[in-house]
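Have a look at the structure below before the remarks.
Since the structure is predicted, the reported quantities are computational estimates derived from the model, not experimental observations. Computation of the quantities below employed the complete heavy-atom set of this structure, encompassing side-chain atoms and omitting hydrogens, waters and symmetry-equivalent molecules. Numbers here are sequence positions counted from 1.
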Amino acid sequence: MDTDGNSGDASRVVHVRFITKLDRPFKVPNSSISVASNFTRFGLSSVVNNLIQTENPDWEVEPFDFLINGELVRMSLENFLLAKGISAETILEIEYIRAVVPRKEEEPSLHDDWVSAVDGSSPRFFLTGCYDGLGRVWKAAGVCTHILEGHSEPVSSVSIINPEGADSVTVATASKDRTLRLWKFNAEDTRRNPLKISAFKILRGHRASVQSVAAQTSGNMICSGSWDCTINLWQTNEPVSEFDTVSTKKRKTTGQAKESQSEGEAVSSLVGHTQCVSSVKWPEHETIYSASWDHSIRRWNAETGKDSLNIFCGKALNCLDIGGESSALVAAGGSDPILKIWDPRKPGTSAPVYQFSSHTSWVTACKWHEKSWFHLISASHDGKVMLWDLRTAWPLFVIDAHKDKALCADWWRGDTVLSGGADSKLCMTSGASVL
């Protein structure tokens with residue numbers, strides 16, 4: 001348990017030199033000083049703040065984290081040195097960085113059923129999928145601008161296809177009704193009431209519930225994973241022709257009798273998994289990753305349809321993401337409380353390079369921070385969302401905002417954590433800057 005390092009008499013002192021990569025006014029003098037060996041991160045943070053305040057009287061206190069030999073300190077200095085076999089007789093270099101601490105918990109965005117999916121990849125809005133069969137577009141906490149109507153069963157996954165595009169945005173939704181749908185809308189629409197819109201294309205071909213959808217980096221294609229054990233690839237930029245248009249009845253609340261929608265068929269299928277494909281990611285033009293209830297993670301060549309990597313995990317998997325160092329690390333979680341990370345570049349990739357075990361139930365979601373090599377979030381059936389740093393085995397912080405299972409999570413605008421759950425809430429925790 002962390003203490004502030006100020007209770008009781010310190011039996012020993014440690015000579016330390018504080019260093020940092022932060023710019024002014026965060027820098028402190030390079031000379032060594034003596035600190036109590038029972039100091040933890042809170043005591044060290046007080047020392048650094050006092051040193052900065054000496055040079056800058058108007059300095060406002062900031063929390064810091066501390067690294068020794070690249071590892072975050074999560075115990076007293078004395079215990080850390082003993083655990084790592086580091087001598088306390090020499091001057092110890094301690095690097096300090098800004099602590100990742102969420103600043104504000106926003107009001108939740110309420111839904112009518114379980115919030116099963118979220119995508120925060122656009123800085124202008126975020127997208128959610130719900131068990132009421134609807135997708136929703138939000139420009140801020142509680143501010144819904146568009147409702148995506150059409151699915152007949154729960155929406156299981158959502159993906160923003162062109163997050164940095166023009167005003168006209170394309171998104172995809174996947175559903176337990178065995179279809180995917182493509183939607184277009186104006187992200188800058190300022191009308192006060194949510195605008196109900198219909199899909200411009202329905203993608204049919206899966207023989208069972210569609211569990212996950214991911215967009216190619218170019219936005220020209222999407223892939224989907226299903227309970228039918230296959231991964232289907234679909235075009236998003238096909239021109240609509242008079243031959244593939246079907247008429248479908250719309251809900252009476254829209255005030256129109258009919259709409260025109262095109263139907264699309266899969267370009268190809270990736271076959272190899274033997275149980276539900278629970279999660280798919282498309283991080284590079286020709287590379288698709290998939291996770292399955294058959295206990296495996298596979299890497300596929302989208303052009304040839306061949307898998308070039310097969311990691312056996314020993315547990316049914318619910319979630320997958322690619323990121324970290326050089327955008328090469330594979331994070332996944334499933335039917336145990338452990339978030340695991342593999343590095344496919346290393347031999348013997350069946351063994352995880354990191355394992356995090358602070359959750360107490362199934363891991364349902366994981367997502368790397370797109371600009372950090374070290375940080376990722378996870379969500380779990382224990383109702384908690386945790387932020388991890390690869391440099392320590394303990395979560396940096398725990399978001400305990402959900403009153404039921406947490407089902408999905410994502411980053412938004414770099415410093416905000418979004419999470420949805422079985423309590424029908426989309427929770428937003430802002431100010432969690434990792435840079």
Side-chain angles (χ1 to χ4, degrees), residues 98 100-111 115-130 135-148 155 157-165 167 169-173 183 185 187-189 194 212-215 217 219 279 281 283 319 321-324 327 331 364-372 374-380 384-389 395-402 406-421 423-435:
R98 299 181 74 178
V100 182
V101 180
R103 310 288 176 175
K104 185 179 180 183
E105 193 171 296
E106 309 285 351
E107 284 297 313
S109 301
L110 302 180
H111 292 63
V115 183
S116 48
V118 62
D119 187 336
S121 59
S122 172
R124 295 180 291 169
F125 65 92
F126 59 91
L127 176 67
T128 61
C130 183
R136 291 174 174 84
V137 180
W138 308 79
K139 70 176 182 181
V143 184
C144 179
T145 59
H146 298 78
I147 296 177
L148 314 183
V155 175
S157 183
V158 297
S159 179
I160 300 171
I161 295 173
N162 58 337
E164 305 298 334
D167 289 348
V169 175
T170 305
V171 303
T173 56
W183 319 73
F185 57 88
E188 306 304 324
D189 200 316
S212 182
V213 60
T217 51
S279 185
K281 297 294 176 182
C319 58
D321 198 33
I322 315 300
S327 298
T364 52
C366 57
K367 188 61 183 287
W368 290 97
H369 191 283
E370 65 175 0
K371 293 184 178 178
S372 171
F374 304 108
H375 297 92
L376 72 163
I377 52 175
S378 63
S380 168
K384 295 177 173 58
V385 177
M386 298 186 181
L387 172 61
W388 305 93
D389 187 314
L396 293 187
F397 64 79
V398 177
I399 299 172
D400 199 8
H402 292 285
L407 303 174
C408 57
D410 200 2
W411 293 94
W412 190 44
R413 296 179 174 174
D415 69 347
T416 298
V417 177
L418 305 173
S419 61
D423 56 3
S424 304
K425 294 179 181 179
L426 189 287
C427 296
M428 179 186 295
T429 305
S430 60
S433 177
V434 303
L435 302 175

Taking only residues two or more places apart in sequence or in another chain, which ones pass ring pair (Phe, Tyr, Trp, His ring centres under 6.0 Å) with Trp388?
Phe356
If we ignore hydrogens and angles and just use 3.5 Å, is the side chain of Ser116 paired with the main-chain N or O of Gly129 as donor and acceptor?
yes
Closest contact, heavy atoms only, Val100 versus Leu387:
CG1-CD2, 3.2 Å
Give me the ring orientation class for His146 and Phe185: parallel if the planes are under 30° apart, tilted from 30 to 60°, perpendicular past 60°.
tilted
Do His369 and Leu376 have side-chain heavy atoms sitting under 4.5 Å apart?
no
pair Leu418-Trp411: side-chain heavy atoms closer than 4.5 Å:
no
With sequence neighbours left out, the residues meeting side chain to side chain contact (heavy atoms under 4.5 Å, CB included) with Ala406 are Ala379, Val385, His402
Which residues pass the side chain to side chain donor-acceptor pair (under 3.5 Å) test with Trp138, sequence neighbours left out?
Thr128
Could you pull out the closest heavy-atom pair between Ala401 and Asp423, with the gap in Å?
O-OD2, 4.3 Å
Closest heavy-atom pair and its distance - Val434, Ser372
CG2-CB, 4.0 Å
OG-CE distance between Ser109 and Met428, expressed to the nearest 0.5 angstrom
5.5 Å
Quick check: do Val171 and Leu148 have side-chain heavy atoms less than 4.5 Å from each other?
yes
4.5 Å side-chain heavy-atom contact, Leu396 and His375
yes
Closest contact, heavy atoms only, Arg103 versus Gly431
CG-O, 3.2 Å
Side chains of Arg124 and Val169 in contact at under 4.5 Å (non-hydrogen atoms)
yes
I need the minimum non-hydrogen distance between Ile160 and Asp119, along with the two atoms involved.
N-OD2, 2.7 Å
Check: Asp415 main-chain N/O paired with Ser433 side-chain donor or acceptor under 3.5 Å:
no
From OG (Ser159) to NZ (Lys281), nearest 0.5 Å
8.0 Å
Leu110 CG to Lys425 NZ distance, which is reported to the nearest 0.5 Å:
7.0 Å
For the pair Asp321 (side chain) and Trp368 (backbone), establish whether a donor and an acceptor sit closer than 3.5 Å, ignoring hydrogens and angles.
yes
For the pair Phe126 and Thr416, evaluate side-chain contact (heavy atoms from CB on, under 4.5 Å) and give the outcome as yes or no after the intermediate values.
CA-CA 11 Å; Phe126 59 91; Thr416 298; over 6 Å; no
Find the distance between OG (Ser121) and CD (Glu370) and round it off to the nearest 0.5 Å.
8.5 Å
Testing the basics here: between Val115 and Cys408, what is the closest heavy-atom pair and its distance to 0.1 Å?
O-SG, 3.7 Å
CD1 (Ile377) and SG (Cys366) are apart, to the nearest 0.5 Å, by 9.0 Å
pair Trp183-Val137: side-chain heavy atoms closer than 4.5 Å:
no
Distance, nearest 0.5 Å, that separates CD1 of Ile161 from OG of Ser122:
13.0 Å
Considering only NZ, NE, NH1 and NH2 on the basic side and carboxylate oxygens on the acidic side, decide whether Asp410 and Lys367 come within less than 4.0 Å.
yes
Using modelled atom types only, decide if a donor and an acceptor are shared between the side chain of Trp412 and the backbone of Phe125 within a distance under 3.5 Å.
yes
